[in-house]
Amino acid sequence: MEHICKKCLLLEAGNRGAHEKIRELIDDIDDDLRANDLLYNKRISICQNCESLISGMCLKCGCYVELRAAYKNKSCPNYGSEKW
């Protein structure tokens with residue numbers, strides 16, 4: 001039986017199809033709207049250590065954290081105590 005990681009990003013959680021779709025959406029973000037790699041990776045690192053991450057999704061808002069982190073104008077949805 002395959003182990004599914006609940007506290008991981010999409011690919012690590014075993015959801016290859018959703019991961020590929022999210023990567024396509026990220027690739028389509030205009031450069032002026034997209035977070036640079038340093039900012040994106042910092043945000044993802046924070047999300048990976050958050051208690052609200054489950055199988056690539058944020059329990060606070062239901063977003064895919066990899067997509068939300070890719071937009072430079074987005075912030076952590078933990079309203080009132082944002083982590084990024």
Distance from Ile54 atom CD1 to Met57 atom CE, nearest 0.5 Å?
-> 9.5 Å
Contacts of Asp31 meeting side-chain contact (heavy atoms from CB on, under 4.5 Å) (sequence neighbours excluded), chain-then-number -> Arg34
With the 4.5 Å side-chain cut-off for hydrophobic clustering, are Tyr64 and Leu33 part of the same group?
-> yes
His19 side chain near Ile22 side chain, heavy-atom distance below 4.5 Å | no
Is a side-chain N or O of Asn36 found less than 3.5 angstrom from the main chain of Leu38, in a donor-acceptor match?
-> yes
Smallest heavy-atom separation, Ile44 atom then Ala69 atom, equals CD1-CB, 3.9 Å
Main-chain N/O of Tyr79 paired to Glu82 side chain as donor or acceptor, under 3.5 Å = no
Enumerate the residue pairs fulfilling side chain to side chain donor-acceptor pair (under 3.5 Å) with a member in residues 66-76, sequence neighbours excluded, ordered by first and then second residue.
-> none
Say whether Leu67 and Leu39 are linked into one hydrophobic cluster, either directly or through other cluster members, by side-chain heavy-atom distances under 4.5 angstrom.
-> no
Do you know the tightest heavy-atom contact between Ile29 and Ala70?
-> CD1-CB, 3.8 Å
Just wondering, do Tyr40 and Ile26 contact through their side chains at under 4.5 Å, heavy atoms?
-> yes
Working to the nearest 0.5 Å, report the span between CG of Leu9 and SG of Cys47.
-> 8.0 Å
Residues forming a side-chain contact (heavy atoms from CB on, under 4.5 Å) with Glu24, sequence neighbours excluded = Lys21
side-chain contact (heavy atoms from CB on, under 4.5 Å) involving Cys50 - partner list, sequence neighbours excluded = Ser52, Lys83
Residues forming a side-chain contact (heavy atoms from CB on, under 4.5 Å) with Cys58, sequence neighbours excluded | Lys60, Cys61, Cys63, Val65, Pro77
Common cluster, Leu59/Ile46, ILVMFWY with side-chain heavy-atom separation under 4.5 Å = no
The salt bridge (Lys or Arg N to Asp or Glu O under 4.0 Å) partners of Asp37 (sequence neighbours excluded) come to none
